[in-house]
Structure formats: structure tokens, C-alpha cells
Student: 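Supplied in C-alpha cells, the structure appears directly below.
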Amino acid sequence: MIVVATSDFEVYHGVVNELRDRGSQFTTLEPDEPLPEQTAVVVTDTDHAGEFADVTTIVAEPDEPRRAVDQALTAVRGDGGRTIIGVDPGRKPGIAVLAGEMVVAAFQVPLADAVDAIQREVSEATNPLVRIGDGSRLQGATLVNDLEDVQVELVDETGTTPYLGTGARGMEDVLAAVNIARLEGELVDRRDIEPTAGELQVIKDRSREQSEHNRAIDEMLARRVAAGELTVEEALAEHRAASQGAAAGDGDDTDGADSADETDGADDTTTN
């Protein structure tokens with residue numbers, strides 16, 4: 001049984017709500033009350049961390065109740081297995097966190113936030129492993145190269161996206177991440193990808209969609225986006241600053257600079 005023993009209201013509220021949401025069995029008591037005989041894990045606050053010497057103790061932070069509950073549930077199950085994080089890369093990667101065969105957390109976040117989300121999940125795990133699908137080459141390479149202090153495997157993600165029935169639309173990336181987490185891959189330290197002309201064109205098209213003036217970034221900036229050095233938004237800002245600088249240098253030739261940009265953009269749309 002999980003016992004929540006804390007006098008910290010925020011810890012109590014967060015942990016109890018998290019346990020209820022998961023349908024877990026638990027009981028609560030004051031830190032100075034005797035523990036039931038069937039106690040397997042105690043979840044408590046920092047002030048009472050040393051008061052339960054004879055039982056597994058999880059210290060919960062007020063702003064991270066989910067992490068404490070993950071640890072408590074793993075402890076109750078015994079050897080929950082290695083923490084493995086599966087990632088289905090893309091513009092909004094799906095992320096699934098497994099403890100053994102149990103899925104304990106799932107996310108879908110923008111690519112720019114994915115590394116931080118993964119690092120948070122592995123920060124307190126013992127010998128964690130991250131498995132990244134190989135389908136979206138550029139986004140996957142960005143994740144591989146930016147992750148630090150964790151083992152990373154590159155996984156053949158063929159067939160990992162399941163069929164989705166009625167009401168399940170939008171879950172495919174997360175469910176694919178679960179399947180990726182369960183497949184063995186090749187251990188990698190870095191992945192260097194030379195973007196294809198088509199991949200660069202996709203980045204240019206995305207920049208045009210996000211541009212206020214229907215302008216695409218140039219190939220040099222697109223390559224930096226492909227390498228993960230810039231986001232599309234940052235590349236557009238650099239492109240805009242360069243255009244404004246050129247316009248200022250040309251004096252009254254602003255219209256000409258604008259026309260040149262628009263012409264370049266038109267050329268980009270016809271490239272395959």
C-alpha cells in the first residue's frame with residue numbers, strides 16, 4: 001500500500017489528486033501516526049524525509065507530484081524495470097515514458113521543448129535509455145545531438161504508428177512513441193544529416209507560411225534550421241534583419257529589395 005504522510009498541504013493535495021487520477025490504492029495519515037502493517041511506500045515532504053527509516057520513502061516536491069507518484073508506483077510493483085523514453089520525432093514529437101512495460105507518462109510538445117521534456121524525465125532515473133525513431137531525419141538528428149548525459153538508441157520506426165479508430169485522432173505520435181520505446185535500436189552519440197533539396201524546400205515553405213510578408217528564408221538559413229542551429233522563427237528574424245540592413249544601405253531602393261525577396265520566394269515555390 002502507498003501511504004501519503006505529510007503536513008505540507010501542497011504536497012498532500014498534489015500527490016493525492018495524482019493518485020486518484022490514476023485509480024491507485026492509497027491511504028493518508030499524519031507524519032507522526034504509526035504506519036499500517038501493509039505499507040510498501042511512504043510519500044512525504046522534505047521536512048519528514050528521515051522519519052520512515054524502515055520503509056521505502058519518496059520525497060515529493062510541491063510542484064512535481066507526478067514524479068513522486070511515478071516513483072511510488074514503481075516501488076510498489078517491485079522491480080519496475082529500466083526507465084525507457086520513446087520519441088516519435090517531428091515538428092511536435094510524441095514522447096512516452098516507460099518503467100519496464102508500464103507507460104507512466106506521455107507528452108506531445110513542440111520540437112523546441114522536446115529536449116527539456118526528455119531531460120526532466122531522465123534526470124532522476126537510474127540508467128535511463130532514450131529511443132528515438134528514425135523517420136523524421138532532421139528533427140530526430142536535432143534531438144540526438146542535443147540530448148546530454150543519457151544513452152540514446154536510433155530505432156527503425158517502420159510500422160510503429162497504429163491504426164486509429166473513431167475518437168483517437170491526434171494520438172498517433174504518442175502511441176508510436178510507446179511502440180518505439182519497446183523496440184531495440186542502434187546506440188548513437190551523434191547523427192549528422194545532410195538535408196536533401198526537398199527537405200530544405202519544406203523548411204523554406206514553412207518559413208513562408210509563418211512570414212508576415214509571404215517571404216521565404218534563403219538556403220543558408222534553411223540549412224541552419226535543418227541543423228537545429230535556428231528555429232524557423234529565429235531564421236525569419238535574421239532574414240528580416242538582413243533585408244532591413246540591405247535596404248538601409250541602398251537608401252531609397254527599398255522597393256527593389258522587397259521585389260528581390262518576393263522573386264526569390266516565388267522561385268522557391270516551384271522547386272521540388
Side-chain angles (χ1 to χ4, degrees), residues 70 74 79-164 170-206 219 221-232 234-235:
D70 286 347
T74 298
D79 184 6
R82 186 180 192 183
T83 296
I84 299 179
I85 299 179
V87 184
D88 183 29
R91 292 171 66 178
K92 290 188 69 176
I95 302 171
V97 184
L98 278 64
E101 290 299 312
M102 181 69 67
V103 180
V104 297
F107 312 91
Q108 187 166 19
V109 299
L111 181 63
D113 299 330
V115 169
D116 286 342
I118 295 168
Q119 295 281 187
R120 282 196 301 270
E121 295 304 313
V122 303
S123 61
E124 296 184 11
T126 301
N127 192 29
L129 173 65
V130 178
R131 287 174 170 161
I132 299 176
D134 65 352
S136 297
R137 301 182 330 133
L138 299 180
Q139 292 92 342
T142 297
L143 295 175
V144 170
N145 296 341
D146 288 351
L147 285 169
E148 298 179 353
D149 302 323
V150 62
Q151 283 190 319
V152 177
E153 288 184 357
L154 194 64
V155 173
D156 180 358
E157 66 175 55
T158 303
T160 55
T161 301
Y163 166 77
L164 297 180
M171 298 175 59
E172 57 267 25
D173 294 333
V174 171
L175 293 175
V178 173
N179 289 331
I180 288 169
R182 290 175 169 154
L183 297 174
E184 291 187 8
E186 178 184 354
L187 197 63
V188 293
D189 293 323
R190 183 171 181 83
R191 194 180 191 202
D192 294 317
I193 296 294
E194 178 63 27
T196 65
E199 288 168 334
L200 292 173
Q201 186 60 47
V202 168
I203 293 172
K204 292 179 183 180
D205 291 344
R206 283 173 51 203
E219 181 166 323
L221 286 171
R223 285 183 176 277
R224 293 180 65 188
V225 172
E229 298 175 11
L230 298 173
T231 64
V232 171
E234 290 168 342

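FYI, the numbering just counts along the sequence from 1. When reading the values below, keep in mind they use all heavy atoms of this one structure, side chains included, and skip hydrogens, waters and symmetry mates.
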Student: When V87 is tested against each of I118, V115, V155 for side-chain contact (heavy atoms from CB on, under 4.5 Å), which residue passes?
Tutor: I118
Student: Check A226 against T142 and note the closest heavy-atom contact, atom names and distance.
Tutor: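 Minimum heavy-atom contact is O-OG1, 4.3 Å.
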Student: Could you tell me which non-hydrogen atom of D146 sits nearest to which non-hydrogen atom of Q119, and how far apart they are?
Tutor: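 That closest heavy-atom pairing would be O-OE1, 4.4 Å.
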Student: So which atom in V150 and which in L147 form the shortest heavy-atom distance, rounded to 0.1 Å?
Tutor: CG1-CB, 4.2 Å
Student: Cut-off 3.5 Å, no hydrogens considered: what does the side-chain donor-acceptor table look like for residues 171-184, sequence neighbours left out?
Tutor:
| from | atom 1 | to | atom 2 | distance (Å) |
| --- | --- | --- | --- | --- |
| E172 | OE1 | G170 | N | 3.0 |
| D173 | OD2 | Q108 | NE2 | 2.8 |
| N179 | ND2 | T160 | O | 2.8 |
| R182 | NE | E101 | OE1 | 3.4 |
| R182 | NH2 | E101 | O | 2.8 |

Student: Return the CG to CZ distance between L98 and R82, rounded to the nearest 0.5 Å.
Tutor: 12.5 Å
Student: What distance separates E219 CD from I203 CD1, expressed to the nearest 0.5 Å?
Tutor: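 The distance works out to 10.0 Å.
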Student: Walk me through whether Q151 and L187 qualify under side-chain contact (heavy atoms from CB on, under 4.5 Å).
Tutor: CA-CA 7 Å; Q151 283 190 319; L187 197 63; 4.1 Å; yes
Student: Nearest 0.5 Å, please: how far is CG in D70 from CD in E121?
Tutor: 7.0 Å
Student: Okay, side chain of R224, backbone of A235: is any donor-acceptor separation there less than 3.5 Å?
Tutor: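 No, R224 side chain to A235 backbone: no donor-acceptor pair under 3.5 Å.
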Student: Give the C-alpha distance, both sets of side-chain angles, the deciding distance and a yes or no for salt bridge (Lys or Arg N to Asp or Glu O under 4.0 Å) between R223 and E194.
Tutor: CA-CA 9 Å; R223 285 183 176 277; E194 178 63 27; 2.6 Å; yes
Student: Which pair of heavy atoms, one from V232 and one from R206, lies closest together, and at what distance?
Tutor: CG2-NH2, 3.3 Å
Student: Would V122 and T83 count as a side-chain contact (heavy atoms from CB on, under 4.5 Å) here? Give the steps.
Tutor: CA-CA 8 Å; V122 303; T83 296; 5.7 Å; no
Student: At what distance, to the nearest 0.5 angstrom, does CD of E157 lie from CG of D134?
Tutor: 5.5 Å
Student: Please name the pair of heavy atoms, one in P89 and one in G133, separated by the smallest distance, quoted to 0.1 Å.
Tutor: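 P89 and G133 have their closest heavy atoms at CG-O, 3.3 Å.
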Student: If the condition is side-chain hydrogen bond (donor to acceptor under 3.5 Å, both in side chains), which residues does D189 pass it with, not counting sequence neighbours?
Tutor: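 With neighbours one apart ignored, the set is empty.
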Student: Output all residues satisfying side-chain hydrogen bond (donor to acceptor under 3.5 Å, both in side chains) with D156, sequence neighbours left out; order by chain, then residue number.
Tutor: T158
Student: Atom CG of L221 and atom CG of L200: how far apart are they, to the nearest 0.5 Å?
Tutor: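 So the CG of L221 and the CG of L200 are separated by 11.5 Å.
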Student: Give the minimum heavy-atom separation between L138 and P195, together with the two atoms involved.
Tutor: CD2-CB, 4.1 Å
Student: Determine whether R91 and L111 make a side-chain contact, defined as any pair of heavy atoms from C-beta on separated by less than 4.5 Å.
Tutor: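 A side-chain contact is absent here, since even the closest heavy-atom pair is not under 4.5 Å.
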Student: Using 0.5 Å steps for rounding, measure from the CD1 atom of I85 to the CZ atom of R120.
Tutor: 10.5 Å
Student: side-chain contact (heavy atoms from CB on, under 4.5 Å), that's the test. Do R137 and T196 meet it? Break it down for me.
Tutor: CA-CA 10 Å; R137 301 182 330 133; T196 65; 3.8 Å; yes
